[in-house]
Amino acid sequence: MNKKRAIVIVIDSMGIGALPDCAEYDDKITYNTLCNTASKVGGLNVPNLEKMGLGNLAEIKGVEINEEPTASYAIAKMKAKGKDTTTGHWELMGLVLKEPFKTYKKFPDELINEFIEKTGCKGILGNCPASGTKIIEDLNEKHHETKFPIVYTSADSVFQIAVDIDVIPLDTLYEWCKIARKILDNGYGISRVIARPYQIIDNKPTRIGKYRHDYSVPPPNDTLLNEIEKNGGSVLGIGKIKDIFVGSGITESIPTGSNKEGLEATLGAIKKGENNLIFTNLVDTDMVYGHRRNAEGYAKAIEEIDFYLSDIINELKEDDILIITADHGCDPTADGTDHTREQVPVIIYGKNNKPQEYGVKSSGVFVADFIRKWLEIK
């Protein structure tokens with residue numbers, strides 16, 4: 001492949017307005033992760049994103065319209081059904097699912113019974129939609145008494161297993177997740193099994209992000225990542241990217257435990273200059289703040305990302321393109337704790353990329369097509 005590079009940063013769940021079919025997902029048309037977060041905190045301080053044209057996409061408190069933006073900008077509407085991480089990321093890389101993943105309010109008895117039998121865990125706690133931080137607080141005492149894993153879900157297509165790793169070893173948690181993945185592959189249609197380890201820190205159950213692991217369904221068809229690999233290129237996945245794609249098309253991976261680690265890894269990879277695609281997921285906006293409905297924390301996370309953009313932009317070479325986008329919404333001002341069905345912003349910056357307004361695109365495939373053209377993949 002040529003020496004051109006694309007750097008894609010997914011600010012997990014930073015949607016920018018409800019999609020027209022949001023009511024099908026029990027969402028309100030007023031849900032808007034980015035705009036509602038900015039309004040809730042009295043405005044965002046994101047000078048780099050403002051220069052790039054973020055404020056041109058919507059009325060975002062604290063972010064002005066820029067008449068001469070340094071980047072191109074667009075809004076992408078997801079074509080596939082769903083509001084989950086896997087569907088959103090796959091579509092960004094050109095794979096649009098024809099059938100949505102299944103979600104559950106309660107996992108069927110036969111599923112749970114098979115899980116208990118094959119893992120030997122003797123029982124479970126939970127089996128309901130829940131906030132991951134709240135359910136471990138609510139059920140931690142029973143978990144310690146029984147040593148049963150805490151199993152829960154959400155409006156996302158997930159089977160999540162939480163344990164205190166001082167009670168149940170981390171390796172056992174991972175093995176239970178692998179068993180669950182095999183069971184779920186038999187017609188249950190669930191996208192991801194997620195290991196949710198936690199420990200008691202300062203007398204409070206606290207999730208340990210660096211030990212989280214996702215066991216996902218593999219993509220049913222090739223994505224842009226596979227195209228790059230087949231053309232002799234390299235793809236670096238940072239954060240949970242490798243898990244989302246089950247390693248398909250990923251030639252190198254750097255797991256992370258926080259946005260800061262992800263941003264540092266991205267900056268380091270740009271400086272190295274060894275990959276054709278650097279694909280980063282920054283999960284704190286979603287996992288730590290969106291699901292917890294913490295608008296203040298969400299806003300600070302966006303501002304932290306904006307702070308790093310100064311160094312990231314400075315390290316870009318002439319043939320680099322930087323794309324900042326999202327995979328779905330998780331409005332911290334919304335009801336409940338689940339993802340929200342939203343369109344997403346797309347900011348495209350490059351020293352040799354002429355800024356322009358792309359308007360509203362029919363799907364996130366716009367991102368894959370742009371990268372394909374930039375890297376000259378046919």
Side-chain angles (χ1 to χ4, degrees), residues 8-46 48-50 52-63 73-78 80 82-89 91-92 131-133 154-156 158 239-240 259 262 280-306 309 323-347 360-361 363-364 367:
V8 179
I9 297 176
V10 178
I11 304 177
D12 203 306
S13 85
M14 196 181 75
I16 194 168
L19 285 165
D21 62 356
C22 64
E24 297 176 20
Y25 300 81
D26 298 322
D27 286 351
K28 297 177 182 176
I29 198 68
T30 55
Y31 289 169
N32 186 319
T33 301
L34 184 54
C35 295
N36 290 345
T37 296
S39 295
K40 181 75 172 180
V41 302
L44 293 176
N45 178 25
V46 288
N48 287 304
L49 287 168
E50 181 176 279
M52 297 166 90
L54 182 66
N56 297 24
L57 292 174
E59 188 175 333
I60 307 167
K61 192 172 182 62
V63 186
Y73 52 91
I75 284 178
K77 291 188 174 183
M78 183 182 287
K83 53 179 180 178
D84 60 274
T85 294
T86 302
T87 301
H89 279 76
E91 187 157 323
L92 287 171
S131 159
T133 51
S154 71
D156 203 350
V158 290
K240 61 180 182 178
N259 277 8
T280 299
N281 173 276
L282 301 176
V283 74
D284 288 358
T285 36
D286 180 64
M287 182 179 71
V288 181
Y289 305 115
H291 286 295
R292 298 184 192 182
R293 298 307 190 239
N294 181 345
E296 290 76 15
Y298 204 117
K300 288 179 181 177
I302 296 173
E303 291 174 352
E304 179 186 46
I305 294 166
D306 187 85
L309 285 179
I323 299 176
I324 302 165
T325 187
D327 52 346
H328 52 71
C330 196
D331 189 340
T333 71
D335 301 324
T337 61
D338 291 325
H339 290 162
T340 43
R341 171 79 170 168
E342 295 185 49
Q343 58 194 11
V344 299
V346 181
I347 301 291
V360 178
K361 293 299 177 180
S363 77
V367 173

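A quick note: this is a predicted structure, and the numbers were derived from the prediction, not measured.
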*Quick one: closest heavy-atom pair of Ala18 and Ile29, and the distance?*
CB-O, 3.5 Å
_Please evaluate residues Thr85 and Lys240 with respect to the criterion side chain to side chain contact (heavy atoms under 4.5 Å, CB included), reporting the C-alpha separation (whole Å), side-chain torsions for both, the decisive distance (0.1 Å), and the verdict._
CA-CA 10 Å; Thr85 294; Lys240 61 180 182 178; 3.6 Å; yes
*For the atom pair CG (Leu44) and SG (Cys35), what is the distance rounded to the nearest 0.5 Å?*
9.0 Å
*Can you check whether Met78 reaches Glu342 side chain to side chain, under 4.5 Å on heavy atoms?*
no
*For Pro345 and Leu54, work out which heavy atoms get closest and say how close.*
CB-CD1, 4.4 Å
_Thr337 side chain reached by Arg292 side chain, heavy atoms, under 4.5 Å_ = no
_side-chain hydrogen bond (donor to acceptor under 3.5 Å, both in side chains) partners of Asn281, counting only residues at least two apart_ = Asp12, His89
*Rounded to the nearest 0.5 Å, what's the gap from CD on Glu50 to CG on Asn45? Could you check?*
9.0 Å
*CG/Asp327 to OG1/Thr86 distance, rounded to the nearest 0.5 angstrom?*
9.5 Å
*Mind checking whether Ile305 and Asn259 have side chains closer than 4.5 Å, heavy atoms only?*
yes
*Given Ile16, which of Ile75, Val346, Val344 fulfils the side-chain contact (heavy atoms from CB on, under 4.5 Å) condition?*
Ile75
_Min side-chain heavy-atom separation Cys330-His291 under 4.5 Å_ = yes
*asked:* If I take atom OH from residue Tyr289 and atom NZ from residue Lys300, how far apart are they, to the nearest 0.5 angstrom?
replied: 8.0 Å
_Working to the nearest 0.5 angstrom, can you tell me the gap between Leu34 CG and Leu49 CG?_
9.0 Å
*Is the number of heavy atoms from other residues, nucleotides or ligands within 6.0 Å of CD (Glu59) greater than 12?*
no
*Any side-chain heavy-atom pair of Ile11 and Ile324 under 4.5 Å*: yes
*Between Gly15 and Ala326, which heavy-atom pair has the shortest distance, and what is it?*
N-CB, 4.5 Å
*Mind checking the CG-CG spacing from Asp84 to Asp156? Nearest 0.5 Å is all I need.*
5.0 Å
*asked:* Is the shortest side-chain heavy-atom distance between Val10 and Leu282 below 4.5 Å?
replied: no
*Looking at Tyr73 and Gly53, what are the two nearest heavy atoms and their distance?*
CG-O, 4.1 Å
*Examine distances only and state if a side-chain atom of Thr285 and a backbone atom of Ser13 form a donor-acceptor pair shorter than 3.5 Å.*
no
_Ile302 and Val46, any side-chain heavy atoms less than 4.5 Å apart_ = yes
*Gly329 backbone acceptor or donor facing Arg341 side chain under 3.5 Å*: no
_Distance alone, cut at 3.5 Å: any donor-acceptor contact between the side chains of Asp286 and His339?_
yes
*Would you mind listing every salt bridge (charged side-chain N to carboxylate O under 4.0 Å, His left out) that reaches into residues 27-38, with sequence neighbours excluded?*
Asp27-Lys83, Lys28-Asp335
*Just by modelled atom types, is the Gly297 backbone N or O under 3.5 Å from a matching donor or acceptor in the Asn294 side chain?*
yes
_For Ser131, side-chain hydrogen bond (donor to acceptor under 3.5 Å, both in side chains) partners two or more places apart_ = Thr133
*Are side-chain heavy atoms of Lys77 and Leu19 found at a separation under 4.5 Å?*
yes
*Of Thr33, Thr37, Asn36, which is the lone residue that meets side-chain hydrogen bond (donor to acceptor under 3.5 Å, both in side chains) with Asp331?*
Asn36
